[in-house]
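Letters A, B, ... are given to chains in the order of the sequence lines, protein chains preceding strands, and every chain is numbered from 1. For clarity, every value in this text was computed on a predicted model and none was experimentally measured.
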Protein chains: 2
Amino acid sequence: MAAPPGRMPVMADVARAAGVSHQTVSRVLNGHPNVRAETQARVLAAIEDLGYRPNSSARALVTRRTGVIGVVAVDTAHYGPARTLTGIEHAARAAGYYLSVVTLTEASAEQVRDAMDHLARQAVEGYVVIAPQRSVLEGMPEWAGGAPVVAVEGGEARELPVVCVDQEGGARAAVRHLLGLGHRTVGHIAGPRDWLEAEARVAGWRRALEEAGAPAAEPLYGDWRPRSGYELARRLVQEGRLPGALFVANDQMAVGALRAFGDAGVRVPEDVALVGFDDVPEAAYYAPPLTTVAQDFGEVGRRGIGVLLDLLESGGAAAESAAREVVPARLVVRASCGA
Amino acid sequence: MAAPPGRMPVMADVARAAGVSHQTVSRVLNGHPNVRAETQARVLAAIEDLGYRPNSSARALVTRRTGVIGVVAVDTAHYGPARTLTGIEHAARAAGYYLSVVTLTEASAEQVRDAMDHLARQAVEGYVVIAPQRSVLEGMPEWAGGAPVVAVEGGEARELPVVCVDQEGGARAAVRHLLGLGHRTVGHIAGPRDWLEAEARVAGWRRALEEAGAPAAEPLYGDWRPRSGYELARRLVQEGRLPGALFVANDQMAVGALRAFGDAGVRVPEDVALVGFDDVPEAAYYAPPLTTVAQDFGEVGRRGIGVLLDLLESGGAAAESAAREVVPARLVVRASCGA
DNA sequence: GCAGACATTGTTAGCGCTAACATAGACGGC
DNA sequence: GCCGTCTATGTTAGCGCTAACAATGTCTGC
């Protein structure tokens, strides 16, 4: 690299060094045809030599494309959303886009609007919103200033392109598995009512019971955290309402439940068969190892970006169809369900 | 909002609507003094009316400031880095910056360089690198194209501004607590050798033992994952080398260890007192509840951005001092250590 | 009532890049 | 050998914004 003359080199400097016009440099940079191989080599050498870097702002100004995708994520210690974000990032970068991220402290429609506003100021070309909650989904415009929006993890959303995991199918598989083991019915500790995933898991649980003609008690609603799983499970035991099988809406609450059962002398799986959801890395090492439902978050992120890029390329024509991609969930059987 | 005439309104449109020059619009937008209140109101009304949004590329082109901070994160299911990222995001947004994120699939120096290159192309003003591993730290230039770099979670780094948790202090507190309970020595299951945090925890463990004049067996090295905790703990039991107290370098491996002990009929805390590290949300609900060391990741993120912004404002003058901020860790005593 | 300071607004000139058009030479067919 | 076509390159004109300077008024003190 040549020592810069006090400021960053610009295209004109490269042009001068290579003995061509700045336009030819631009052509080389953008892979235009009709540049002599020898000229191209000279330009590339000059670029290398000067340590030239194209100015993205100048390019964006004239092309009207920033190459940035905005992501709205929820600030959460939850396993899923965090993994989804990295899936999105990899897919976006592979496609040559930059990623601008905003996280929400609270899932209110207002915060979603603020977040998208922040991203709009940066002139992002499109949005991916990780929207596991109804309130997030509702705060979301469909086209934010002409830029397309894709919801991820946003259950059965509005007329909006959505990519999500088949929560209902996963829940159904879990409950059917428990019923198949001979349980008369299966109880349910659900996630918070506002969460679409929680709702879909309730629906899957209910559907599996209905299909089997099994009775369904009202589910108990927790908040995803271990504490609520602990308390709700303890309540079931104390009130003598503990079913022979229990489907808990996520692994964290399932851990809480395990603990409550341990404290109360209720054996898992002998006295109660337990199934969780998420397949966190620890799940296989709980006592007993937790049967659970695994989700492919990386795939969700990839498809989310895929749908967005399609929309971007088609100029929104594809939005008519309101793509709805469903990634399958997978039951992982371990000891906690008794087989 | 008035219907746009087919294209996004620009500053000149606002100026026309408000009956002023575009420069006056610019002044209003940038909060310059010397604009009559009445004029300002007219301009703001026109902006609102037209739904005008300043073009960030054009502004960046002339000011040479993009307002973007680049973050290099590691792609990981680990609890800490994910939380740190959201801490960084909140602090950056509060300061009026945008955040561009790149995640690494693998912590190699090459990937770090690629990531920073990607961000440089976007003309970020500064970098925050979440660098829990030595290889990440080493792949990191100090000033990337004139932009300052701050390492976060990067243990005892090079002459680079660093913000990290007092891993050594946390480990030391944990081990001292165990020794204080009457144990002759404390064993250690460590994290991977390449990880600075793992190294610091080993150092803290060793130091506490030395200070107490207690013997130190060689630590066993895991990979942070539950499985390795399980296998190493099992090995200790099988080989009859299990100490009365064990410090495990993170909660995930501690869960694996708990499971191994359960399988082998080793009681916690009666036969072995156990302490983990991280304080994941589940820790209080393991059987027995896990004594562990909590880290304030949000604070780490905030301080990381704080240091970077200082550097940005001072034009790097502050880099001389190579800031090194240490966030304290906190021992959380639960049942697994026996008191 | 007038100089000088100050407040308010307008005008001009780029920032670094790409798109569109202009130009000049090379080539091939008849 | 001349014209049309194609290839390789240069020239010009902005993209939308801010900084610098210029040009007005407005007010103060004496």
Can you check the B/L29 CG to D/dA19 C1' distance for me, whole Å?
-> 15 Å
Note, B/Y52 side chain near B/V43 side chain (heavy atom, < 4.5 Å) | no
Between the two ends of the helix from C/dG1-D/dC30 to C/dC30-D/dG1, what is the bend in degrees, rounded to 10 degrees, where each end axis spans five pairs?
-> 30°
Student check: side-chain heavy atoms of A/V327 and A/R303 closer than 4.5 Å = yes
Can you figure out which of D/dG16, D/dT18, C/dC17 approaches the side chain of B/N55 most closely?
-> D/dG16
Find the distance B/H32:NE2 to D/dT18:P and express it as a whole number of Å.
-> 8 Å
Length of the CZ-P vector between A/R64 and D/dG14, whole Å = 13 Å
Side-chain heavy-atom pair B/R121, A/S56 within 4.5 angstrom cut-off | no
Can a side chain N or O of A/R59 be found less than 4.0 Å away from OP1 or OP2 on D/dC15?
-> no
Closer than 4.0 Å, any side-chain N/O of B/R65 to the OP1 or OP2 of D/dT18?
-> no
Rounded to whole angstrom units, what separation is found between the CG atom of B/D13 and the C1' atom of D/dC17?
-> 13 Å
Does any non-hydrogen side-chain atom of B/E153 lie less than 4.5 Å from one of B/V165?
-> no
Taking the side chain as every heavy atom from C-beta outward, state whether B/L85 and A/T103 have any pair of such atoms under 4.5 Å apart.
-> no
Out of C/dA19, D/dC17, C/dC17, which nucleotide sits closest to the side chain of B/Y52?
-> D/dC17
Distances for protein N/O vs nucleotides 9-11 of chain D N/O pairs under 3.5 angstrom?
unit_1: D/dT9; atom_1: OP1; unit_2: A/R36; atom_2: NE; d: 3.2
unit_1: D/dT9; atom_1: OP1; unit_2: A/R36; atom_2: NH2; d: 3.2
unit_1: D/dT9; atom_1: OP1; unit_2: A/T39; atom_2: OG1; d: 2.5
unit_1: D/dT9; atom_1: OP2; unit_2: A/R36; atom_2: N; d: 2.9
unit_1: D/dT9; atom_1: OP2; unit_2: A/T39; atom_2: OG1; d: 3.4
unit_1: D/dG10; atom_1: OP2; unit_2: A/S21; atom_2: N; d: 2.6
unit_1: D/dG10; atom_1: OP2; unit_2: A/S21; atom_2: OG; d: 3.0
unit_1: D/dG10; atom_1: OP2; unit_2: A/T24; atom_2: OG1; d: 2.9
unit_1: D/dG10; atom_1: N7; unit_2: A/R27; atom_2: NH2; d: 2.8
unit_1: D/dG10; atom_1: O6; unit_2: A/R27; atom_2: NH1; d: 3.4
unit_1: D/dT11; atom_1: O4; unit_2: A/Q23; atom_2: NE2; d: 3.4

Evaluation steps, side-chain contact (heavy atoms from CB on, under 4.5 Å), between B/V152 and B/T84 = CA-CA 9 Å; B/V152 149; B/T84 306; 3.6 Å; yes
Go through the steps to decide whether B/D310 and B/S314 satisfy the test side-chain contact (heavy atoms from CB on, under 4.5 Å), and finish with yes or no.
-> CA-CA 6 Å; B/D310 286 351; B/S314 69; 5.6 Å; no
Test applied, side chain to side chain contact (heavy atoms under 4.5 Å, CB included); reference residue, A/V102; option that passes from A/V112, A/V129, A/L119, A/D114 = A/L119
Dump the intermediate steps for side-chain contact (heavy atoms from CB on, under 4.5 Å) on A/V74 and A/Q111, then the final yes or no.
-> CA-CA 10 Å; A/V74 284; A/Q111 283 215 3; over 6 Å; no
Is there a side-chain polar atom (N or O) of B/S26 under 4.0 Å from OP1 or OP2 of D/dC17?
-> no
